[in-house]
There are 4 protein chains.
Amino acid sequence: MSDTEALQEAPRRGRPRSERSRKAILAAASELLLDGGLDSTSMDAVAERAGTSKATIYRWWPSKELLALEVLFAEWDAQRPASSDTGALAGDLLALIRPWARQLGARPYGRVIAGLLARAQSDPGFAEEYRARFVEPRRDQAREIFARAIERGEIAKRTDVESALDLLYGAFYQRLLHGHAPLTDRFARTVVGYVVAGVSQTPI
Amino acid sequence: MSDTEALQEAPRRGRPRSERSRKAILAAASELLLDGGLDSTSMDAVAERAGTSKATIYRWWPSKELLALEVLFAEWDAQRPASSDTGALAGDLLALIRPWARQLGARPYGRVIAGLLARAQSDPGFAEEYRARFVEPRRDQAREIFARAIERGEIAKRTDVESALDLLYGAFYQRLLHGHAPLTDRFARTVVGYVVAGVSQTPI
Amino acid sequence: MSDTEALQEAPRRGRPRSERSRKAILAAASELLLDGGLDSTSMDAVAERAGTSKATIYRWWPSKELLALEVLFAEWDAQRPASSDTGALAGDLLALIRPWARQLGARPYGRVIAGLLARAQSDPGFAEEYRARFVEPRRDQAREIFARAIERGEIAKRTDVESALDLLYGAFYQRLLHGHAPLTDRFARTVVGYVVAGVSQTPI
Amino acid sequence: MSDTEALQEAPRRGRPRSERSRKAILAAASELLLDGGLDSTSMDAVAERAGTSKATIYRWWPSKELLALEVLFAEWDAQRPASSDTGALAGDLLALIRPWARQLGARPYGRVIAGLLARAQSDPGFAEEYRARFVEPRRDQAREIFARAIERGEIAKRTDVESALDLLYGAFYQRLLHGHAPLTDRFARTVVGYVVAGVSQTPI
DNA sequence: TCCTAACCGAGACGGTACGTCGCGTCTTAGG
DNA sequence: CCTAAGACGCGACGTACCGTCTCGGTTAGGA
């Protein structure tokens with residue numbers, strides 16, 4: 001018996017959850033979040049724009065942060081590409097990173113992400129949730145790529161993969177959050193190039 | 001006549017600003033900010049702890065963010081080390097980065113910085129101020145180091161220094177903000193090593 | 001269909017207004033107003049004493065003055081006596097005035113009324129509201145009494161009733177606001193006596 | 001040796017009080033008070049308009065109320081007419097009351113007076129000062145007039161003069177403070193007529 | 001066909017913090 | 001000794017969101 005069936009077994013009496021409200025809330029939150037960031041987005045405004053009541057929002061999302069998390073997840077992580085295997089570290093990383101970087105630069109996600117990061121600093125539980133949904137999946141994909149490169153002998157066995165991941169992703173977050181330079185495709189290629197070269201060092 | 005003299009010429013009428021209040025406000029804000037981050041720090045609480053009135057705070061700092069900026073700047077950037085010239089890119093970068101990384105890891109600055117970054121996303125003016133005081137000075141120091149390395153012929157003339165800076169600093173911000181791993185000295189050495197190796201690539 | 005039914009037809013959606021809060025606010029305001037007058041009564045203090053939030057007060061009373069107006073109206077005008085017809089101007093006026101004067105003298109209403117009058121000077125809308133609720137109802141009662149006296153032939157048809165009302169009520173307000181002498185029952189009788197004599201003049 | 005000389009004997013060292021400031025403060029306060037009443041008049045605004053510092057105002061006037069008192073006294077009581085003796089109660093009262101009523105109606109004094117009365121309710125000391133400067137002098141003038149009428153036998157010895165004064169002045173304050181009707185000359189004549197008739201009653 | 005559980009909107013509630021204004025006091029430099 | 005300038009501690013203002021709580025109504029499955 002599958003998990004899904006097990007969950008569906010619950011008796012579910014009473015009026016079912018309104019799908020219309022769920023979608024309207026996510027849509028309203030999305031617009032407001034991308035418009036002004038987490039702080040500028042009030043639950044009252046979300047409720048009003050969605051045509052629902054605040055109680056309905058709080059019934060399904062315990063906090064504004066978790067609502068934002070789901071909003072972002074829904075429209076962002078939806079298009080996470082399947083890992084492709086090009087046979088080279090640089091190729092694999094580029095295939096992984098370039099669509100993500102393009103998406104990051106397309107809309108003002110920085111506003112929302114910075115807000116979520118800020119909340120995460122003071123709320124360990126939320127931080128955990130945030131990492132589990134946004135950070136680790138992407139790092140996992142890159143980890144596999146590095147693992148394959150090690151297996152192939154392309155890079156050293158003792159490569160510090162975790163630090164390499166911080167270098168790789170950190171560079172994009174740096175531009176996303178500080179806004180001092182755009183997240184261009186060229187930047188993505190340069191970053192991947194430097195990271196690959198960095199871990200490919202051959203100390204004599 | 002020097003600038004200093006010219007400034008001193010100002011008549012300085014009226015009761016002078018209270019140095020005691022200034023220090024008390026910065027001290028109170030510092031404690032509260034490191035304790036709970038930007039959001040948890042209310043101007044009311046700062047005023048009460050400092051033994052001043054809110055009006056006095058707002059007279060000198062237009063917003064909580066700018067107060068936090070000055071607080072952080074005062075106690076953080078105070079100990080920015082003078083650039084040292086070791087004759088090697090790796091040595092220079094390590095001398096610059098290691099004290100900074102040590103400081104970053106010593107106290108919960110992540111809370112405050114994440115908060116400031118969040119505000120910067122929605123307030124271009126504040127973002128500019130933030131970059132001018134926190135980001136650019138440090139990048140300038142590293143820029144010089146890279147410039148010397150290019151001059152020495154240690155790295156290629158066409159090195160993308162700006163991207164290298166994003167790699168370098170981004171890695172530290174990544175750990176600071178995401179909290180998935182500690183900002184150890186070992187991490188600093190690894191990051192610098194990878195960055196140096198990355199820009200030292202010798203394409204055949 | 002009666003008006004009452006028509007009003008009841010209103011759907012009354014949402015959480016109903018808290019009767020407990022309404023009463024607590026009026027009670028708290030009453031105590032504070034009689035204790036220290038309008039100026040010394042802060043909305044913060046009313047909210048704290050009533051155990052409500054300021055927002056709840058402002059939701060139902062747009063200003064401190066209108067809250068004070070309702071407070072006073074509730075506990076003061078509640079006991080406005082029905083007009084009695086003694087068949088003589090002096091008797092009717094005494095029956096109307098003496099309970100009112102007794103009430104005026106019993107508690108420090110002067111504080112509140114003086115405050116309200118002060119606000120009324122600068123706020124025509126509030127002045128209108130004040131007159132409609134406090135002044136005109138009492139003047140109307142006295143107007144009727146004078147009208148009956150004219151009808152009976154007790155006083156001249158061309159009596160300037162409005163001025164007589166100013167004389168009558170003004171004397172009490174004079175003592176109430178200036179506090180130079182108490183509002184005794186004897187004073188009430190004297191005032192009514194002089195006013196009745198004044199309008200009963202028979203110029204030869 | 002006169003009192004005046006004795007006072008002038010004081011050594012008076014240092015810079016003398018600035019007459020210019022004194023006048024400017026009174027003028028500024030007068031404009032602001034007549035413009036918006038006591039509450040709307042801030043000491044900051046008075047100081048700014050007068051071109052003085054707040055400290056200078058507080059050095060010579062202990063509070064806003066006492067400043068307002070002097071302002072009003074200066075421009076109002078200045079023209080208190082000398083008592084005239086017409087030989088009849090009505091004539092004497094009219095000579096006393098009509099110029100005062102005309103002045104009352106000419107400018108928005110109600111605003112200021114209502115404000116002062118409000119403050120007097122909560123500050124017995126100020127109430128005393130207010131009565132001594134504004135109320136009693138005028139009542140004294142009227143008291144003398146009633147005394148002469150009693151002496152002449154025009155009215156009864158046992159006339160309750162104090163109540164008569166409350167009737168007389170109260171009628172004007174009533175219109176001044178409630179604003180329901182104008183302070184016309186006709187009203188002054190009517191009031192005086194009724195008061196005189198009231199105290200002239202000849203009970204058989 | 002009714003009962004009853006779970007949902008829904010509307011909107012009032014107790015709180016906390018906001019940024020501003022006015023008070024009366026103070027601390028300077030200067031006439 | 002007085003003055004202007006202006007900063008100071010204090011306390012209240014009226015507003016905005018927070019997350020919670022009633023309400024009257026709606027929508028389903030089970031009795």
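In the text below, chain A, chain B and the rest are named by the order of the sequence lines, each starting its count at 1. Please read these numbers as outputs of a predicted model, since none were measured by experiment.
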Under a 4.0 Å heavy-atom cut-off, which of residues 109-126 of chain C touch DNA chain E? none
Within 45° of the six-membered ring axis of B/W60 and under 6.0 Å from that ring's centre, is NZ or CZ of B/R22 located there? no
Taking only side-chain N and O atoms of D/S21, does any of them lie within less than 4.0 angstrom of OP1 or OP2 on F/dC2? no
Atom CH2 of B/W61 to atom C1' of E/dG19: distance rounded to whole Å? 16 Å
Using whole Å, report how far CG of B/L32 lies from P of E/dA17. 11 Å
Listed by chain and number, what are the side chain to side chain contact (heavy atoms under 4.5 Å, CB included) partners of D/A45, not counting sequence neighbours? D/L32, D/S42
According to a strict under-4.0 Å criterion, is A/S53 in side-chain N/O contact with OP1 or OP2 of E/dA10? no
Gap between atoms CD and P, on B/E48 and E/dA17 respectively (whole Å): 10 Å
Need one value for A/S40: base, sugar-phosphate or nothing, where a base atom within 4.0 Å counts as base even if backbone is also close, heavy atoms only. nothing
Expressed as a whole number of angstroms, how long is the span from A/E19:CD to E/dC7:P? 14 Å
Over how many whole Å does the gap from B/L67 atom CG to E/dG19 atom C1' extend? 14 Å
Within the 4.5 Å heavy-atom criterion, are A/W61 and A/T56 side-chain neighbours or not? no
Determine, for B/R119 against A/D39, whether the closest basic-nitrogen to carboxylate-oxygen distance falls under 4.0 angstrom. yes
D/L72 and D/I113, any side-chain heavy atoms less than 4.5 Å apart: yes
B/L34 vs B/E75 side-chain heavy atoms within contact, under 4.5 Å: yes
Please determine if a side-chain N or O atom of D/W60 lies less than 4.0 Å away from the OP1 or OP2 oxygen of F/dC1. no
Who are the salt bridge (charged side-chain N to carboxylate O under 4.0 Å, His left out) partners of B/D44, not counting sequence neighbours? B/K54
Side-chain touch B/R20/B/T52, heavy atoms, less than 4.5 angstrom: yes
With a 4.5 Å heavy-atom cut-off, do A/L67 and A/S63 have their side chains touching? no
Name the residue closer to the 5' end of DNA chain E, choosing between C/A50 and A/R17 according to the nucleotide with the nearest heavy atom. A/R17
Of all heavy-atom pairs linking B/A127 and B/A120, the shortest is CB-O, 3.5 Å
Are A/L117 and A/F134 close enough that some pair of their side-chain heavy atoms sits under 4.5 Å apart? no
To the nearest angstrom, the CD1-P distance between D/I57 and F/dT3 comes to 11 Å
Can you run down the ring pair (Phe, Tyr, Trp, His ring centres under 6.0 Å) pairs that involve residues 109-128 of chain B, sequence neighbours left out, and say none if there aren't any? B/W76-B/Y109
Sub-3.5 Å pairs of nitrogen or oxygen atoms, protein against nucleotides 19-23 of chain F:
residue : atom : partner : partner atom : Å
F/dG19  : OP2  : A/Y58   : OH           : 2.4
F/dG19  : O5'  : A/Y58   : OH           : 3.4
F/dG19  : N7   : A/K54   : NZ           : 3.0
F/dG19  : O6   : A/K54   : NZ           : 2.8
F/dC21  : O2   : C/R15   : NH1          : 3.0

Quick one: on DNA chain F, does B/T52 or D/R59 contact a more 5' nucleotide (nearest heavy atom)? D/R59
Please work out which residues in residues 22-29 of chain C have a non-hydrogen atom less than 4.0 Å from an atom of DNA chain F and list them by number. none
